Number of protein chains: 4
Amino acid sequence: MKKEIKQQSILLFEEKGFSETSIQDIVETLGVTKGTFYYYFSSKEQLLMDIHLSYIDDLLEHQEKIQQTQHSNREKLIQLVALLITDIANHGPSGKVFFREMRHLCEENAVEVKRKREQFRKNLESILREGVAQHEFRQGIEPEIVAFAILGITNWSYQWFNPSGEISAEHLADIYSDLVLNGIA
Amino acid sequence: MKKEIKQQSILLFEEKGFSETSIQDIVETLGVTKGTFYYYFSSKEQLLMDIHLSYIDDLLEHQEKIQQTQHSNREKLIQLVALLITDIANHGPSGKVFFREMRHLCEENAVEVKRKREQFRKNLESILREGVAQHEFRQGIEPEIVAFAILGITNWSYQWFNPSGEISAEHLADIYSDLVLNGIA
Amino acid sequence: MKKEIKQQSILLFEEKGFSETSIQDIVETLGVTKGTFYYYFSSKEQLLMDIHLSYIDDLLEHQEKIQQTQHSNREKLIQLVALLITDIANHGPSGKVFFREMRHLCEENAVEVKRKREQFRKNLESILREGVAQHEFRQGIEPEIVAFAILGITNWSYQWFNPSGEISAEHLADIYSDLVLNGIA
Amino acid sequence: MKKEIKQQSILLFEEKGFSETSIQDIVETLGVTKGTFYYYFSSKEQLLMDIHLSYIDDLLEHQEKIQQTQHSNREKLIQLVALLITDIANHGPSGKVFFREMRHLCEENAVEVKRKREQFRKNLESILREGVAQHEFRQGIEPEIVAFAILGITNWSYQWFNPSGEISAEHLADIYSDLVLNGIA
DNA sequence: GATGAATGAGTCTTCATTCAT
DNA sequence: GATGAATGAAGACTCATTCAT
C-alpha cells in the first residue's frame, strides 16, 4: 500500500503539482481513505521527501557506478548524459516532481536533498576537470559552468521530451553527448 | 496601484510560489485591502496571466529586433543567448515565475502563453536552420533539439545563477555562446 | 459580531468544555459561517485568551478599587470575598471557563494570565499580612496559605453554587466572610 | 498490563488532559499497540470511568473508617481534612484527573460517580451536623455550605500544593484544620 | 494476548471571492 | 477608488474504533 500511495502520488504531483494535489485526490484514485494515507506517511511533506530521496539516491548510485569504471572521462560523460536522459523514460514523472517541487520541503529536508543534488553536480564537475587535466577536453573551459550547462540541457528535457515520441531516449542522448563533446572539445 | 500590485506579486510569487502566496499576503505588503486588489484584477489568475504576458511579450519584442538585423546567424545566436542571460539580471523574478507557474493559468490563457513561448522557440530554431543553410553551423545538426538544448542551458541558469555574484551576466553569456557555437560548429 | 462570538463561546465552553466545543458549534448557534469567526479571531486559542484577559482584568480592576479605600483590612477582606462570590452571579460562565480551560492557552499566553492571576492572589495576601500587622487578625497565621484557602472556598463555589437558587450570592458571601474571619480572628 | 495502562493514563491525563491525550499517546509510552488497549478497555471513556471509580471508592472507604471510630466530631473533622490533603501526596495525579475530567464521562457513568461524590460530601456534612448537635461547633453554622467550603479549601490545594515543597502535607493539614475549626468554633 | 491495517467522521484553519457602502 | 464584513468550499491532519489474523 505504501508503495502504491507513493507511485500514485508521483503521477498526480507531476500532473497537477504538489500544492494542487490533495490527500483526498491521492487516496481517491486508490480507493482507500485518508486515514490510510496517514497510517503510512506522517505528512504530505514527508511523502514528498520520500519521493525526493528515492530519486536522488538512485541517481547518485548510478553515477557512482559510472565514476568507478576505468573508462575515459569522455566516455564517462557520454554515459552520464545517457543516464540523465534515459532516466526520463524510466522515471519521468519522478524527475519532474523532483525538479519542480523541492520548494515544498521543509528547511531541514531541503538541506539534505540539496546536499545530495550538489553532490551529483560536483561529481559531474570532477569528470570535466579530470578530462581537462587529461587533455580529453579543451583547456580553459570552466568546469563548474559547463556542468550547469549540461544539467540545464538534460533537465530541461523533462519539460518537453516525450520518450515515446519520434525520437528515442538513446538518440536524444547521442545528440546531446555530441553537442556537449563538440562544445568542450 | 495596479503596477505596484503586479510588482509586489512577482516578488512574492518568486519567493513563495503562486499557490503559497495569498491575496492577503500581497495586499498586506502594500498596506491596502483585498477589495483594492479586486478593483484592479478580476482574479488571482488574471494577475498571473498579466505577469506572463508582460514577460513573454517583452522577450519576443527583443527577439524580433535581433532577428531583423542584417547580422550573421552566428551573431544573432550570440545576441539571443545574451538576451536570455542578461534578462535574468534585469527581470530575474519575472522569469522564475514565468517558468514555474504557468501551470496555474486556465486552459485558455495557458494556450495563448504557450503559443507565444513556442513562437520564441521557433524563432530560435529558424536562426539555427538558416545558419546551417548558410554553412555557418555544422550540417546535420537537428535545429529543433539544439534549440531545446540552448533554452535548457539558459533557462536552467535561473536556478543557480546569481547576477551579483562573481561571474557577471555578460561573462556567462560569453561562455555559453562559446560553448554552443563550438558545439554546433 | 465579535462580541457576540465571544459571548456565545463562553456559554458553550462552560457547557461542553473548550476542546469539546468546535468552531462549527460556535458559529452555528450564531447563524454565521466559520469564515466569519476567523475574520474576528485568528485562532480558537486567541479567542480563549481574549476571554481570559477580560475576566482577570476585570477582577483585578475591582480588587484595586477595594484596596485603595480607607477601610480596615477586615472590611476589605469582606468586600473581596463578596466580589468573588457575586462575580459568579454576574459572570458565572466566564469564571468557570477561566478556572477550567487555562491549560489550553499556549505557553506565552499562559504565562501572562498566570502572572495576573498571581497578582490577584498576592494582593489578597497583602491584605491578610496588613491585617495581622494591625492586629485585626490573629498573629501567627500564614498569609500565603490562608489566601489559598480563601480562593479555594470561593473558586470552588463555581462548581456547585447556583445564584438563582435558595441562597443568594450576598448571603453566601456573608457566610463565607464570617467563616473566614472567625477562622483567622 | 491493564494496571500499567491505567497508571500511565492517569499521568498523561493529568499532564495534558483527557481530550488532549490520545490512545496512541498512552500505548506509545508503554511500547504496545492500540489493539492492546482495546483488549483491556472497551473504550477511552471506560478507562476514565475506571480511574474515577478507583479514586472515589478508595476515598469513601477511608472516610467510612474515620466515621466508624468513637472519636469526637472535632477529631473526625481533623482526620478528614488530613485524609484529603495527604491524598494529594499519595495519589496527586488521580485527584486532579478526578476533579477535572468528570465531564467526559457519559451520562450514565457520570451519575454513578456523582452519587458517590455527593455521598462523600453528605458524610462530611453529617459530621458537621453532629458536631453542632453535640455543641462541639458553633450553633447556627450551615453544615451544607461549610462542607462546600472545606472541600473548596482542600480540593483547591490540588491546584497549587506541591507535597515535596517547603510545607509538608501534614503541616498543611494542620493549618487547614486549625483554620476551619476556628471558623466554626 | 496482541498486532497491524484500515476507517470515517470530525477538527482547525485558509483563502479566493463577493458586495454593500 | 477603496474598504470591511462575510461566505463557502476545500485542505491537512487527528483519532477513537474495528477486525481479521
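Below, chain A is the first sequence line, B the second, and so on; all start at residue 1. Source: prediction; values computed, not measured.
The distance between atom CZ of C/Phe41 and atom P of E/dT11, rounded to the nearest whole Å, is 19 Å. Rounded to whole Å, the distance from CD1 on C/Ile5 to C1' on F/dA6 is 11 Å. The NZ atom of A/Lys44 sits 16 Å away from the P atom of E/dT14 (whole-angstrom rounding). Between D/Glu20 atom CD and F/dA16 atom P there is a gap of 11 Å when expressed in whole angstrom units. Note: OH (B/Tyr38) to C1' (F/dT7) measures 13 Å, nearest angstrom. Here the C1' atom of nucleotide F/dA9 and the CD atom of A/Gln24 are 13 Å apart, to the nearest Å. Protein atom NE2 of A/His104 is 15 Å distant from nucleotide atom P of F/dG11, rounded to whole Å. The separation between A/Glu28 atom CD and E/dA6 atom P is 17 Å, rounded to whole Å.
The phosphate of E/dA6 has OP1 or OP2 within less than 4.0 Å of a side-chain N or O from A/Tyr40. Proximity of B/Thr36 to the phosphate of F/dA2: no side-chain N or O atom is located under 4.0 Å from OP1 or OP2. Within the 4.0 Å cut-off from OP1 or OP2 of F/dA2, not a single side-chain nitrogen or oxygen of B/Tyr39 is found.
Position along DNA chain F of the nearest nucleotide to C/Met1 versus A/Phe37 favours C/Met1 as the more 5'-ward residue. Annotation: of the two residues near DNA chain F, D/Thr21 and C/Lys34, the 5′-most nearest-nucleotide partner is C/Lys34. Of the two residues near DNA chain E, B/Ser42 and A/Gly35, the one whose nearest nucleotide lies more 5' is A/Gly35.
Sorted by first and then second residue, the side-chain hydrogen bond (donor to acceptor under 3.5 Å, both in side chains) pairs involving residues 30-44 of chain B (not counting sequence neighbours) are B/Ser42-B/Gln46.
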Using a 3.5 Å limit on both pairing distances, list the dot-bracket string of DNA chain F from the 5' end; Watson-Crick and G-U wobble pairs count, crossing pairs take [ ], interstrand pairs take |. .||||||||||||||||||||
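Put simply, the side chain of A/Ser54 does not reach to within 4.5 Å of the side chain of A/Asp58, judged on heavy atoms.
With C/Asp50 contributing its side chain and C/Leu47 its backbone, the two residues share no donor-acceptor pair below 3.5 Å.
Using a 4.0 Å cut-off between a side-chain N of Lys or Arg and a carboxylate O of Asp or Glu, D/Glu14 and D/Arg100 do not qualify as a salt bridge. Ion pairing of A/Glu101 with A/Lys96 is absent here, as no side-chain N (NZ or NE/NH1/NH2) approaches a carboxylate O to less than 4.0 Å.
The same atom, P, is picked in F/dT21 and in E/dG1; the two are 22 Å apart, to the nearest Å.
Atom NZ of A/Lys114 sits in a sparse spot, with 12 or fewer heavy atoms from other residues, nucleotides or ligands closer than 6.0 Å.
Within 4.0 Å (heavy atoms only), D/Ser19 reaches no atom of the nucleic acid at all.
Between B/Trp156 and A/Phe99, a ring centre-to-centre spacing shorter than 6.0 Å is recorded.
Distance from the side chain of A/Ser22 is smallest to F/dG11 among E/dT13, F/dG4, F/dG11.
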